Each structure stands twice: as C-alpha cells, then as structure tokens.
Amino acid sequence: QVQLVESGGGLVQAGAKLRLSCAVSGLTFNRHIMGWFRQAPGKEREFVATAGIRTSYADSVKGRFIISRDSVKDTVSLQMNNLKPEDTAVYYCAAKAYTGTDYFQAWESDYWGQGTQVTVSS
C-alpha cells in the first residue's frame, strides 16, 4: 500500500519560513518523480515544484522555495522561505512513476498525500 504522509504545515506571518516534509512508503522511491502541489480555496490544484534527477519550480516560488529528496529516508521536503499571503493553500505531496521527464502536472500524478495546510498572514 502506497502512503505519502505530509507534515510541517502551520500558520505563519509574511516573510517567515516553513519546511514541509513527506514520508513515502510502499513504492520504489528512486523510480518515482516527487512533487509538491498546492490548492487554495476556490482554485485548481497547481504545480509548485518537482524533483527527479533535476528540479523544476513554478515561477511564483522560484528563488524562495527549495525541493529536496532523500533516497535513504525516502522523504521529500519543501523548504519555503519569504512566505507571502498568496502562498496560503493546502500543500500536497505527489509521486509519479519515472518515464523520462523530471516534471509532471497534477493530472499526471500516480499518488497523493492527504495534504497539509499552510496559512500566511499579512
């Protein structure tokens, strides 16, 4: 049974930092691209960052967020710096079987975590 379990969300002020973590089990970690997506109220789930051999970032978070993966612990993290109110959303960890690219959109994901809330106050 595949499980992706996120942790690390919370309520912070603008300019603060948060680190999200996702513990992965039940799949071959090194054969999957890992990603973070987010969904704000009334909006569609959107791409934030993915990490395979290379990393990719949404323009809105480039330079502020860093995705990293640990193949020993089978975890993927998202370091979020200089948070803005527009970063407020439920953040989801996702996994997609590697097929030759290091990037995937939400609709391509094979597995999802349950999500963790991030709220940034102004």
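Scope of the values below: all heavy atoms of this structure, side chains included, with no hydrogens, waters or symmetry mates. Since the structure is predicted, the reported quantities are computational estimates derived from the model, not experimental observations.
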Is the shortest side-chain heavy-atom distance between [X] and [Y] below 4.5 Å?
{"X": "V61", "Y": "L78", "result": "no"}
{"X": "M80", "Y": "K17", "result": "no"}
{"X": "T75", "Y": "V24", "result": "no"}
{"X": "V12", "Y": "T119", "result": "no"}
{"X": "M34", "Y": "L4", "result": "yes"}

Examine distances only and state if a side-chain atom of T88 and a backbone atom of V120 form a donor-acceptor pair shorter than 3.5 Å.
yes
Short side-chain to backbone donor-acceptor contact, T116 and G9, under 3.5 Å:
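Side chain of T116 to backbone of G9, a donor-acceptor pair under 3.5 Å: yes, one is there.
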Closest non-hydrogen contact found for P85 with S122 is CG-CB, 3.8 Å
Summary of side-chain hydrogen bond (donor to acceptor under 3.5 Å, both in side chains) pairs that have at least one residue in residues 25-37, sequence neighbours excluded:
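Residue pairs passing side-chain hydrogen bond (donor to acceptor under 3.5 Å, both in side chains), neighbours aside: N30-S71.
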Give, for atom [atom1] of [X] and atom [atom2] of [Y], the distance between the pair rounded to the nearest 0.5 Å.
{"X": "Y91", "Y": "Q39", "atom1": "OH", "atom2": "CD", "value": "12.0 Å"}
{"X": "Q117", "Y": "L11", "atom1": "CD", "atom2": "CG", "value": "9.5 Å"}
{"X": "I66", "Y": "T55", "atom1": "CD1", "atom2": "OG1", "value": "9.5 Å"}
{"X": "T50", "Y": "R69", "atom1": "OG1", "atom2": "CZ", "value": "10.0 Å"}

So which pairs with a foot in residues 81-93 pass salt bridge (charged side-chain N to carboxylate O under 4.0 Å, His left out), sequence neighbours left out?
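Every pair satisfying salt bridge (charged side-chain N to carboxylate O under 4.0 Å, His left out) with a residue in residues 81-93: R38-D87, R64-D87.
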Can you pull out every salt bridge (charged side-chain N to carboxylate O under 4.0 Å, His left out) where at least one residue sits in residues 91-102? Sequence neighbours excluded, please.
R54-D102
Mind jotting down which residue pairs meet the disulfide bond (SG atoms under 2.5 Å apart) criterion with at least one end in residues 52-96? Sequence neighbours excluded, please.
C22-C93
If we ignore angles and hydrogens, is there a donor and acceptor under 3.5 Å between the side chains of Q114 and E6?
yes
Mind jotting down which residue pairs meet the ring-ring contact (aromatic ring centres under 6.0 Å, His included) criterion with at least one end in residues 51-85? Sequence neighbours excluded, please.
none
Apart from F37 itself, its cluster of hydrophobic side chains linked below 4.5 Å comprises I33, F47, I53, V90, Y92, Y98, Y103, F104, W112
